Amino acid sequence: MIRKTFIKESKELFRDGRIRIATIIVVLLIGVSIWISAQQYQNINEQYKVSKTAERAIWDNQGEKNPHSAAHYGTYAFKPKYPLSLVDQGVDKYAGSSIFLEAHKRNEAQFSIAADQTGLARFGDLTPDFMLLFIMPLLIILLGYNSFTKENEMGTLTLLKSQGISYKKWIFGKWAALFLPVFVLTVVLFLIAGFILSNLKDFGVFEWSSLLWMFIIYTTYYIIFINLILFISAKAKKSGISLVVSLSFWILACLAVPKAASNIAEDTHPYPTRQEFAANVLKDKKQGLDGHNPWSKEAKLLEKNVLAEHNVDSLHKLPFNFDAYRMQKGEEHEAEIYFKHYNHLKDQFIKQSRVYKRLATFSPYLPTRFMSMAIAHTDYATHWNFADAAENYRIATQKFLNDDFAKNSTYGNWGYQADSDFWKKLPAFEYSPTKLTTVLSENTANLSVLGCWFIGSFALLLFIKKIR
Amino acid sequence: MITTNNLTKIYKDQTALDHLNLQVNAGEIYCLLGANGAGKTTTINLLLGFIEPTSGSAFINDLDVSQKAKETKKFLAYIPENLMLYPSLTAVENLDYFSGIAGKKLSKKNIFNFLKEAGLQEDAFEKRIATFSKGMRQKVGIAIALAKDAKVLLLDEPTSGLDPKASNEFGQLLHKLSQKGVATLMATHDLFRAKEVATRIGIMKDGQLKEEFIAKDISLLNLEQNYLNTMEYKEVTL
């Protein structure tokens, strides 16, 4: 009976002109969104490569220069574009693509794509993740909202009942007929994405296993929608009511809950304002060692300790340049302050993420979105990871420069210049994103919530004892 | 084949069926006559197991409908007043699906034979039901009953809205089925068709079976007179 119902439903769906048109439109939109996304991905990746090479060339060819001047001159850490961002762009557009690395200061990522766009960007972009997360569930609603109600409205339910229909088999026949087109569409979409990614030059860290996981996540998301839409259709008296309830669920799950979650998370665990953050950092900085100020209490204490340690009575007798040494100590102090304050931000981010995870109970969209972004390396966690890696590189760069300054010059010799080959000795900034296994283990909560939605929605189907 | 013992259905304070005792044997066609609300459809719905009786019992092929509703469905076929099929499927596809629901696997040849036996013209076999008249849909309904090899046929005003030719053809089909040993219970307003096809005729009023006749022993005129008397119809004098 499952097979018969599956064939019958498939024929009905295929012969319904509205469904054909809607499916064609969705397929076209998905195709266009992938094409646009692939173009953007290639452009950004080229920009990344050009910028990275150019910036490194500028760094390497500074010529003879004082290392601390070079530290202030600074360099950039560029955030790579990951292949699966072609499918899910996540927060990349808003998070900034590069961080300026300089002495004494940790900078935020800048040059986000959104900042370069006009106000029209507020309308959103046609991206594969938009199609996958918002439009595909709408297509499921369109295909399935009247799956059961139509039987009552057409009058076929009475005849089916008199034929001794088995509800379970009937329901799963309908389920299979709704699942198959959605599944085929998703498979085709992901195969196209995989094919494009495999054929892009320098496609970096692309792994089919990541794409497969993303596919599993989205398929699960669609199964949840299919189950819920069928349940609503089985319980609704009329197709109109079923459509309204299904659309209400879509609005709630995909639009209202995510926005409410964002507001609740921000209200419960707010980030400090930019001004507050800067003021707090400055306040802490003033309470410690300033590498550029030899007259401060902290600098004098450091001087005293270093002299005692090396058993000399003058900074000139030290085997290194104390100015550079003090600067390095100042850097270390400032780095600690930045870590402290950024860790506070990160704590707030983790707390906000917990709020999101709790609210995911009300929407399968949230865990799907988080999992998709995490696998694509376009989530906030990846951005934090990148920013931390850039900061570690900045600290290591400052040490590299200060150590050279301290080692190759003497106290008071600010005229020291490192030779032109020196800069090439600094290793380039390389950032590798978190591995898939780590991403999955860090997102067990999201996976669990999605799993609960999956099981719960199937349970609802199994509990249907009677069709109205 | 069909038996009811004091079958009663009460909705709140409204008695829809009042202690109905009925027996329809194999090969018999029993027509239930009565005005709207007499209890004919309630009787059929109780026999189908769509509703639960307040008291009494109904049996299909000696199986209690209340207790073994699913098993009884194996033996019966049902054609309502407006048999609705899937409009975007063809007659062949509809028959194939509904037979499949009943657990029957039919070859294309068998499907064609059943449709032919039910009197559907061959050029309509592969046409979508959306283009069918009511009479053609009723024939597909009969084909579903034939394919199911039903022992019991429950019909709820199946000839209502049919033109005389289609109604006549339908009556002939019922005769064919009765000759195969099918027990038929037909609720109808159509006295003429009842007299034509029935073995026995019952007249219902207010949920009760008021009168019962052997069809061949009563003329159409007498049947009409009895019906009107039972309904307490008074002739209007102008």
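Quick caveat: nothing in here was measured; it's all calculated off a predicted structure. Here is the naming used below: chain letters follow the sequence lines, and residue numbers restart at 1 for every chain.
- Heavy-atom distances place both the backbone and the side chain of B:L76 under 4.5 Å from chain A.
- Scanning both residues, B:K70 and A:I165, for their nearest heavy atoms gives NZ-O, 3.7 Å.
- Atom NZ of B:K68 is surrounded by 12 or fewer heavy atoms from other residues, nucleotides or ligands within 6.0 Å.
- The heavy-atom pair separating A:L159 from B:Y78 by the smallest distance is CD1-O, 3.3 Å.
- In this structure, CD1 in B:I129 is found 12.0 Å from OG1 in A:T156, a value given to the nearest 0.5 Å.
- Using a 4.5 Å cut-off between heavy atoms, B:T72 does not touch chain A at all.
- The structure places OG of A:S162 at 10.5 Å from CD1 of B:I101, a figure rounded to the nearest 0.5 Å.
- The 12-atom threshold is exceeded at CG of B:D123, counting heavy atoms of other residues, nucleotides or ligands nearer than 6.0 Å.
- Heavy-atom neighbours of A:W208 CH2 from other residues, nucleotides or ligands within 6.0 Å: above the threshold of 12.
- Residue contact with chain B, scored on non-hydrogen atoms closer than 4.5 Å, is absent for A:I7.
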side-chain contact (heavy atoms from CB on, under 4.5 Å) between A:K11 and B:L89, intermediate numbers included: CA-CA 8 Å; A:K11 278 180 184 170; B:L89 302 187; 3.9 Å; yes
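- A pairwise comparison of heavy atoms in A:E12 and B:S88 identifies CG-OG, 3.4 Å as the closest pair.
- Only the side chain of B:L83 comes within contact range of chain A, with at least one heavy atom under 4.5 Å from a heavy atom of that chain.
- The most heavy-atom pairs under 4.5 Å with chain B, out of A:K150, A:K169, A:M154, come from A:M154.
- Counting heavy atoms of neighbouring residues, nucleotides and ligands inside a 6.0 Å radius, atom CZ of A:F14 does not exceed 12 of them.
- A:K8 NZ to B:Y86 OH: the interatomic distance, rounded to the nearest 0.5 Å, is 3.5 Å.
- Crowding of A:K168 atom NZ: a count of heavy atoms from other residues, nucleotides or ligands under 6.0 Å exceeding 12.
- Contacts of B:N82 with chain A are absent, with no heavy-atom separation under 4.5 Å from either backbone or side chain.
- For A:R15, the salt bridge (Lys or Arg N to Asp or Glu O under 4.0 Å) partners are B:E93, not counting sequence neighbours.
- Here the straight-line distance linking atom CE of B:M84 with atom CD of A:E153 works out to 11.5 Å at 0.5 Å rounding.
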